[in-house]
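Notes follow once the structure below has been shown.
Note that the structure is predicted; figures quoted are calculated from it, not measured.
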Amino acid sequence: MPVGEIPKPQPEGSNIQNVEQIQEAELQAELEYSQKVERSCALLLQNPSVRPILYRILKLCSSQRVFLHDLEEQIQQQPEYAGVVHPPYTLIQWLVDVEALDCFELDEQGADISPGQLAGLTADEADDLVADWAYLITSIGQDTLEAFDPSSRLTQTMNSVPERYDTYLEVLEFLTEKRSLREIDGLLRGREVLMTGRGADDTPIKPSF
């Protein structure tokens, strides 16, 4: 605006419209973020065989960056990894794909490589520039970690059907010693609590459930 020019008055409704646009944009951003968290949580829900390892990876990357080779080594040392057919890198990449982890490309000195440094390079030149990778949890991953925290999941399970609360406590007390599934079945078989929330065919819930 030229010096001395008097600004034109804005329509009275323009400020209100701007506020509404800002609020709408904020709501849209919250919705998109919520959908990303749901997608991240769905990854763990839909892969129960590797869910403990995915959770462990998020936990390992929750306080500081972890180099790829260190992270792969720590994953392989986890007792839950026994029997997992996927290599550690695949599981890490799954979490990167759903934006639960950030991946940082590093040069030989361990410094971050910016997109500008890669601009104009061929694929081979870019590969030569990248010497290592590091990973750190994102806010999406942190929310996923909290959603799958064992304590919060246990509390949710205990409170989901109040009629079963005392039975859950009894089972936990029973399992302070190592027990077989048959022994647990014997503890619960025939109890009235198994009639709470019958199956689709109106049969009692099995103790294993």
Could you name each residue pair satisfying ring pair (Phe, Tyr, Trp, His ring centres under 6.0 Å) that touches [range], not counting sequence neighbours?
range: residues 83-135; result: His86-Trp94
range: residues 46-74; result: Phe67-His69
range: residues 20-53; result: none

Name all pairs fulfilling the salt bridge (charged side-chain N to carboxylate O under 4.0 Å, His left out) condition that reach into [range], sequence neighbours left out, sorted by first residue then second.
range: residues 78-93; answer: Arg56-Glu80
range: residues 131-144; answer: none
range: residues 105-128; answer: Arg65-Asp112

Only distances under 3.5 Å count here; give the side-chain donor-acceptor pairs of residues 40-50 to other protein atoms, sequence neighbours excluded, each with its distance to 0.1 Å.
from  : atom 1 : to     : atom 2 : distance (Å)
Ser40 : OG     : Thr144 : OG1    : 2.8
Asn47 : ND2    : Leu43  : O      : 2.7

Can you find a pair of side-chain heavy atoms, one from [X] and one from [Y], that are under 4.5 Å apart?
X: Lys36; Y: Val98; result: no
X: Ile184; Y: Pro207; result: no
X: Leu181; Y: Asp185; result: no

Distance check, rounded to the nearest 0.5 Å: [X] atom [atom1] versus [Y] atom [atom2]?
X: Ile57; Y: Glu72; atom1: CD1; atom2: CD; value: 9.5 Å
X: Ile205; Y: Leu188; atom1: CD1; atom2: CG; value: 11.5 Å
X: Gln156; Y: Leu154; atom1: CD; atom2: CG; value: 10.5 Å
X: Cys103; Y: Leu95; atom1: SG; atom2: CG; value: 12.0 Å
X: Glu26; Y: Leu31; atom1: CD; atom2: CG; value: 13.5 Å
X: Leu175; Y: Glu183; atom1: CG; atom2: CD; value: 9.5 Å

query = Does CD in Gln21 sit with more than 12 non-hydrogen atoms of other residues, nucleotides or ligands closer than 6.0 Å?
reply =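 Counting other residues, nucleotides and ligands, CD of Gln21 exceeds 12 neighbours.
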Can you list everything that forms a salt bridge (Lys or Arg N to Asp or Glu O under 4.0 Å) with [X]? Sequence neighbours excluded, please.
X: Asp70; result: none
X: Glu146; result: none
X: Glu177; result: Arg179

Identified side-chain contact (heavy atoms from CB on, under 4.5 Å) counterpart of Leu101 within the set Thr138, Leu136, Leu58 =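 With Leu101 as partner, Thr138, Leu136, Leu58 yield a single side-chain contact (heavy atoms from CB on, under 4.5 Å), made by Leu58.
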ask   = Is Val193 isolated, or which residues cluster with it under the ILVMFWY side-chain rule of less than 4.5 Å, directly or via members?
value =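 Leu194, listed by chain and number.
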Side-chain donor-acceptor contacts of residues 161-171 below 3.5 Å, not counting sequence neighbours, with atom names and distances?
from   : atom 1 : to     : atom 2 : distance (Å)
Arg164 : NH2    : Thr196 : O      : 3.0
Glu170 : OE1    : Arg191 : NH1    : 2.8
Glu170 : OE2    : Arg191 : NH2    : 2.9

inquiry  = With no hydrogens and no angle check, just 3.5 Å: does a side-chain donor-acceptor pair link Gln78 and Gln74?
reply    =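 No, no side-chain donor-acceptor contact under 3.5 Å.
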request  = Give the minimum heavy-atom separation between Ile137 and Ser62, together with the two atoms involved.
outcome  =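 Minimum heavy-atom contact is CG2-CA, 3.6 Å.
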